[in-house]
2 protein chains.
Amino acid sequence: MSKRLVVLDTPANQVACCPPIAEASLDAAQATDLARMFKALGDPIRLRLLSRITSAPEGEICVCDLTGEDFDVTGPTISHHLKTLREAGLIEGERRGTWVYYRPVVANLRQLAALLAI
Amino acid sequence: MSKRLVVLDTPANQVACCPPIAEASLDAAQATDLARMFKALGDPIRLRLLSRITSAPEGEICVCDLTGEDFDVTGPTISHHLKTLREAGLIEGERRGTWVYYRPVVANLRQLAALLAI
DNA sequence: CTCCTGTCTAGATGATTATCTAATCAGCCG
DNA sequence: CGGCTGATTAGATAATCATCTAGACAGGAG
């Protein structure tokens with residue numbers, strides 16, 4: 001087991017890459033991958049979770065700092081949304097002892113940004 | 001009637017604005033507006049439609065150039081997706097005679113891009 | 001006016017999703 | 001070990017969504 005940080009199945013979601021959406025018409029396969037990521041962003045709770053994760057001072061945040069607080073949904077629901085973000089390739093998670101930490105997958109977030117840079 | 005281009009109800013969707021998601025935690029209200037736009041991008045067909053619209057040489061494209069072609073869905077389904085993009089504030093449409101033309105709402109697309117620029 | 005073509009709306013249906021409660025798993029501590 | 005806390009999974013349910021067919025509406029052409 002060489003990888004240091006991998007926990008919590010993260011389907012290695014690699015997408016082609018990077019020209020803005022206006023440069024060339026997306027083909028169906030690229031569109032499917034990209035749409036999965038955008039869909040994951042298409043929920044207010046997930047957007048706020050991602051915002052918290054990306055703005056965490058240490059580059060990552062403990063799930064214990066996300067649950068229950070000013071999100072008025074239950075723990076399992078938070079967990080479900082984190083899983084959605086994770087499966088979309090936007091964040092990745094790691095358990096260290098008792099707690100689980102999440103951090104952004106910067107490359108994929110940047111790719112989405114680049115795509116929309118008209 | 002002073003506006004030159006408005007047709008097809010476009011709910012004036014103005015969202016706060018512009019710091020990247022990592023700078024400050026999104027509040028619930030902003031998140032709801034932004035999530036609506038991301039959700040509209042969360043479908044492969046809509047992404048490809050938007051790609052076609054944003055890459056149209058004249059800055060706009062006729063619906064007649066979008067229907068039926070290499071999207072294997074029916075006309076009404078295309079129309080429904082265009083409506084979703086329109087109501088999200090990502091595109092706007094105008095009828096000129098027989099045909100309807102769509103063009104991107106660049107400011108809102110850029111806002112999404114800025115949000116993801118980590 | 002009447003037909004034809006392009007686009008949209010209406011209504012129905014099957015699939016997906018957000019959320020909950022209950023139960024399970026992982027790691028710590030006495 | 002046995003119990004405790006943090007986090008996830010399982011299963012159920014209500015809501016939303018993508019898609020279709022059928023029908024309506026807009027505008028041009030005979």
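What's counted below: heavy atoms across the whole structure, side chains too, no hydrogens, waters or symmetry copies. Order of the sequence lines sets the chain letters (A, B, ...), proteins ahead of strands, with each chain counted from 1.
The CG atom of A:Asp72 sits 9 Å away from the P atom of C:dT19 (whole-angstrom rounding). Rounded to whole Å, the distance from CG on B:Leu66 to P on C:dC8 is 10 Å. B:Ile78 has its CD1 atom 13 Å from the P atom of D:dA18, to the nearest Å. Atom CD of A:Glu87 is separated from atom P of D:dT8 by 12 Å (rounded to the nearest Å). Rounded to whole angstrom, the span from the CG atom of B:Asp65 across to the P atom of C:dG6 amounts to 11 Å. One atom, CG of B:Leu85, and another, P of D:dA18, lie 10 Å apart when rounded to the nearest Å. Taking atom CG on A:Leu82 and atom P on C:dT19, their separation rounds to 12 Å, with Å as the unit. Between B:Phe71 atom CZ and D:dA18 atom P there is a gap of 15 Å when expressed in whole angstrom units.
Remark: B:Arg86 fails to qualify as a cation-pi partner of B:Tyr102 under the 6.0 Å distance and 45° angle criteria applied to the six-membered ring.
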- prompt: Base, backbone or nothing for each nucleotide of nucleotides 25-30 of chain D, written B, S, -, heavy atoms under 4.0 angstrom, 5' to 3'?
  reply: --SS--

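Rounded to the nearest 0.5 Å, atoms CD (A:Gln111) and CG (A:Leu116) are 10.5 Å apart. To the nearest 0.5 angstrom, B:Ile45 atom CD1 is 6.0 Å from B:Ile78 atom CD1. One distance of note links CG of B:Leu49 with CG of B:Leu41; it measures 11.5 Å at 0.5 Å rounding. How far CD1 of B:Ile53 is from CD of B:Glu92: 11.0 Å, rounded to the nearest 0.5 Å. Here B:Asp27 contributes atom CG and A:Arg48 contributes atom CZ; the two are 7.5 Å apart, rounded to the nearest 0.5 Å. The distance from the CZ atom of B:Phe38 to the CG atom of A:Leu50 is 9.0 Å, given to the nearest 0.5 Å.
A:Thr77 has a side-chain polar atom (N or O) that falls below the 4.0 Å cut-off from OP1 or OP2 of C:dC20. Distances shown here put every side-chain N or O of A:Ser79 at or beyond 4.0 Å from the OP1 or OP2 atom of D:dA7. Contact check, A:Lys39 against C:dT17: a side-chain N or O comes under 4.0 Å of OP1 or OP2. Listed pair A:His81 / C:dT17 fails the phosphate criterion, with no side-chain N or O lying under 4.0 Å from OP1 or OP2. Between B:Tyr101 and the phosphate of C:dT7, there is no side-chain N or O to OP1/OP2 separation shorter than 4.0 Å.
With C:dC8, D:dT9, C:dT7 as the candidates, the nucleotide lying closest to the side chain of A:Lys83 is D:dT9. Residue B:His80 places its side chain closer to D:dA18 than to any other of C:dC20, D:dA18, C:dT9. Checking C:dC8, D:dA7, D:dA18 against every side-chain atom of B:Tyr102, the shortest atom distance belongs to C:dC8.
Looking only at distances, a side-chain donor or acceptor of A:Ser51 sits under 3.5 Å from a matching main-chain atom of B:Ile21.
For the side-chain contact (heavy atoms from CB on, under 4.5 Å) with A:Met37, the lone residue among A:Val105, A:Leu90, A:Leu109, A:Leu85 that qualifies is A:Leu90.
A heavy-atom distance below 4.0 Å to DNA chain D is reached by these residues of residues 46-54 of chain B, ordered by number: B:Arg46.
Remark: B:His81 engages B:Arg46 in a side-chain hydrogen bond (donor to acceptor under 3.5 Å, both in side chains) (not counting sequence neighbours).
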